[in-house]
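Report on the following structure.
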Amino acid sequence: MKNIDYEHGKVPGPESGIEIRRSMCDVCSPGMHCGLNVYVKDGKILKVEGMPEHPRSKGKLCTKGLSNRQYVYREDRVLTPLKRTGERGEGKFEPISWEQAISEIAEKMNAIKANYGAHKMAFYSGYSKWYRPMLRRLASSFGSQSYGTESSSCFTSGLMAWQVAAGQAMGMDPMHTNLFLGWGANPVFSRWPMEGTIESVKERGMKCIIVDPRITPATERLADLHLRPHLGTDGALALSIAHVLIENDWIDHAFIEKYVHGFPQYAAYVESFTPEQGEALTGVPAADIVKAAEMLHEAGSFCIPESSTLGHHRNGLQNYRAIMSLLLITGNFDRTGGQIPQIHSFLEIACGFETHEEEFMEERFPHDAPKAVGAKEFPLWYELRHDMQANVFADNVLRQDEESMRGLLALGMNFRMFTQDAKYLEAFKKLDLFVDVDLFLTDSAKYADYVLPACTSLERGELKTYPGMLGWYTKPVIEKLGQSKSDAEIITLLANALDLDDELLRAGYDKIVGHILEGVPVTLDQLKAAEWPMKIEGIAPYRMGSTIEKGLHTPTGKLELYSELIATHPEWGLDPLPTYRAPYNPDPEKYPFMLCAGARLPNAIHSRFHDVPWARSLRTDPSVELSLEDADALGVELGDDVEIVTDVGALTYKAIPTATVRPGDLFVYHGYRERDINSILNGTNLDPYSGFPAYRSAYCDLRRVEK
Ligand SMILES: Nc1nc2c(c(=O)[nH]1)N[C@H]1C(S)=C(S)[C@@H](COP(=O)(O)OP(=O)(O)OC[C@H]3O[C@@H](n4cnc5c(=O)[nH]c(N)nc54)[C@H](O)[C@@H]3O)O[C@H]1N2
Ligand SMILES: Nc1nc2c(c(=O)[nH]1)N[C@H]1C(S)=C(S)[C@@H](COP(=O)(O)OP(=O)(O)OC[C@H]3O[C@@H](n4cnc5c(=O)[nH]c(N)nc54)[C@H](O)[C@@H]3O)O[C@H]1N2
Ligand SMILES: [Mo]
């Protein structure tokens, strides 16, 4: 045979010395985490591919997943613990040993505890979730309630809406439903394994309604009906669909009678939401509102996905409640094809079995300590989550009063995820101690006193669980880069150096996940031996209807259209019914455009992929998508500079005129260091129920920038 360059061809085998190792991509949400075949030679990753044997992703990978090699080897990886030598923000550090870093940090945290109280230390986690049970328990065992995460603005608003209505998390049953009500759903870009599921169920006759102001791959590929409401008006749309369902008596009286609380008050409230009124508020033609109600009625069963999009509005939580109410009045709850109670498994994923994770996180919660940051401003949030609402963390510190935090231990702090985010940098400057654990030397990390290097998921192992009774324990495929450590190791080191009275937490990750899995018929060793996620046998499947029969964890034990929890707290100033409120416009004359900042791009995830060359090459410039009509009116062409002006600032973006966007709407992605859209979004425009920012409904103006 001729000389074949096996290595250059990346052909695995003894000739090339290339080995395929199994892992998963942990770049997006734990519910996804697709299987990876990683090609490794001499301890270096050469390339990654999808893993065909992976029972969930079945060999597919998205753009971000395929860029894993470049992500792992990003040039700004932190490789040693760093201690600040310059001013905060200057980015001047000296490398120090792990021993020095951990002992100094522990000493400073214990000094804050001794001088001001343990509750003055805040604990924060960015997007990564795998170590969160440990971080939450670290905060609790230290004595602070102020543990908060990026979930202060992610899907938790929808989860809270379910807690209000049903006392627990609910998920959809897409495999058995007759209609997928994809409200604010474009899984092709944001939840790509879900796309395959929906497409395959459609093949057996399932109908699909997509509610999205834009034309997207989902509206094109999946939708039998596409409703296009104005951004943030979804509550009004849902209430007018409910109006049609009630008017035509397309509701389940027996179910309502037995299981639903507050129907008369709710029915009286939706009376004014006629289809014509719905059209006036949302822009969706009245005939389409009636059509949607008809389709729901004819389908019988339908379900909705969880959503972050819908929570990113001033009325976000209430809008989502209004959408959920469609399921409640038609009896699509705890019923095949409807919304199904989620049995809490691991990392907020319902996998079909119960674990001790919640107990592990909650049993050390310091109930007697002063309440978490944000509890006063967002009492419903605090009541349901018992977490810090991180969207008001900077305000808390900048007030510099007796309630202000003195220290912050953050795993993955990205100040650019918050609205009017410059105040976070000011707040970092005021802290006595700021520790940031990250993969990269980010602009937030430059404000830290200590930066600790975390490793990626390809350099460590972790317990993974997926819906469908699947479990796995991954293995590292390469050595940890530099002196980096896994987040779990770092938390364990700190728990020990802080001398916490918490034996289990101090025992480390494997002891903890072993404890969390106690009673599940599988051992860690079995999960470690598996090459890809394995089915855990011997667990009884969920019996449909059993949750609602038992009675729900709501004040009335029923599904609540009218929330008794909210009603018994008039001092909160919140509405017990899923009422509607339009997005906030500081001045309609000055701000005629509506900006959605954050609809997902396939090649980006928040701050992390803008510096990854392959991913970045798919959209090189921070850009704004606008309608062809608006582009014409402004005299703007593809690639021209345009300025977005809000009530708090202005920024210039490249224009992308597109037929997918309606006149008056603008779409921008977030997280760019050089064009940070959150720097010009009003930080006080928050949902009073959840504390979530109105990222997706910000009124603004758009101007052409002269060449
Ligand atoms: N305008 C606008 N803003 C938004 C949104 C929007 O739609 N529009 N979406 C909101 C939503 S839904 C979310 S979830 C948030 C996400 O916001 P963030 O959680 O801030 O997201 P990232 O920037 O992806 O990650 C945060 C940091 O974690 C670091 N990191 C990554 N992996 C690890 C790890 O394994 N260990 C450690 N220690 N660090 C790690 C990253 O390098 C990064 O610095 O943004 C919110 N902000
Ligand atoms: N590629 C990629 N995937 C991601 C992420 C990412 O950054 N990049 N982030 C991950 C995270 S943290 C999250 S929280 C999820 C988010 O996941 P989703 O919320 O499902 O995703 P989005 O693309 O933000 O929104 C879906 C669609 O909702 C539409 N939409 C926006 N505002 C509104 C509105 O007011 N009403 C209605 N009806 N529709 C609206 C948008 O036009 C978009 O097409 O995605 C996860 N997956
Ligand atoms: Mo999110």
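Start at 1 and go down the list; that is how both ligands and their atoms are numbered.
Taking only nitrogen or oxygen atoms, main chain and side chain alike, Ser128 reaches within less than 3.5 Å of ligand 1. At a 3.5 angstrom cut-off on N or O pairs, Ile677 does not count as close to ligand 1. Remark: ligand 1 and Asn414 share an N or O pair separated by less than 3.5 Å (distance only, no angle test). Between Asn678 and ligand 1, at least one N/O pair is under 3.5 Å apart. Note: no N/O pair closer than 3.5 Å links Thr442 and ligand 1 by distance alone.
Under the 4.0 angstrom criterion for non-hydrogen atoms, Tyr71 is in contact with ligand 1.
By the 30° and 60° cut-offs, the orientation of the rings of His610 relative to Tyr669 is perpendicular.
Between Asp676 and Arg416 there is a salt bridge, with a side-chain nitrogen of the basic residue lying less than 4.0 Å from a carboxylate oxygen of the acidic one. Using a 4.0 Å cut-off between a side-chain N of Lys or Arg and a carboxylate O of Asp or Glu, Glu489 and Arg460 do not qualify as a salt bridge. For the pair Asp611 and Arg74, the salt-bridge criterion is met [side-chain N within less than 4.0 Å of a carboxylate O]. Salt bridge Glu625/Arg662: absent, no basic N to carboxylate O contact under 4.0 Å. Taking a cutoff of 4.0 Å between a charged side-chain nitrogen and a carboxylate oxygen, Asp621 and Arg616 do not qualify as a salt bridge. Contact check on Lys446 versus Asp443 returns a salt bridge, with a Lys/Arg side-chain nitrogen under 4.0 Å from an Asp/Glu carboxylate oxygen.
The distance from ligand 1 to the heavy atoms of Gly412 drops below 4.0 Å at these ligand atoms: 26 (C), 27 (C), 28 (O), 29 (C), 38 (N), 39 (N). Per-residue contacts place Asp487 under 4.0 angstrom from the following atoms of ligand 1 (heavy atoms of the residue considered): 34 (C), 35 (O), 36 (N), 37 (C), 38 (N). Residue Val437 has at least one heavy-atom neighbour below 4.0 Å for each of these atoms of ligand 1: 37 (C), 38 (N), 39 (N). Near Phe440, meaning under 4.0 Å from any of its heavy atoms, are these atoms of ligand 1: 42 (O). Residue contact check: Gly126 has heavy atoms under 4.0 Å from atoms 19 (O) of ligand 1.
Every protein residue with a heavy atom nearer than 4.0 Å to ligand 2 is included here: Lys64, Tyr127, Cys154, Trp183, Gly184, Asn186, Phe189, Ser190, Arg191, Val211, Asp212, Pro213, Arg214, Thr216, Leu231, Gly232, Asp234, Ser308, Thr309, Leu310, His313, Cys596, Gly598, Ala599, Arg600, Leu601, Pro602, Ala604, Ile605, His606, Phe667, Tyr669, Arg696.
Among residues two or more places apart in sequence or in another chain, the side-chain contact (heavy atoms from CB on, under 4.5 Å) test is passed with Pro693 by Ser153, Asn391, Thr419, Leu686, Tyr695. With sequence neighbours left out, Ser690 forms a side-chain contact (heavy atoms from CB on, under 4.5 Å) with Ser157, Met160, Leu317, Asp687, Phe692. A search for side-chain contact (heavy atoms from CB on, under 4.5 Å) contacts involving Arg581 returns Arg314, Asn315, Pro688, not counting sequence neighbours.
Here the two rings, on Tyr71 and Trp614, have centers that are 6.0 Å apart or farther.
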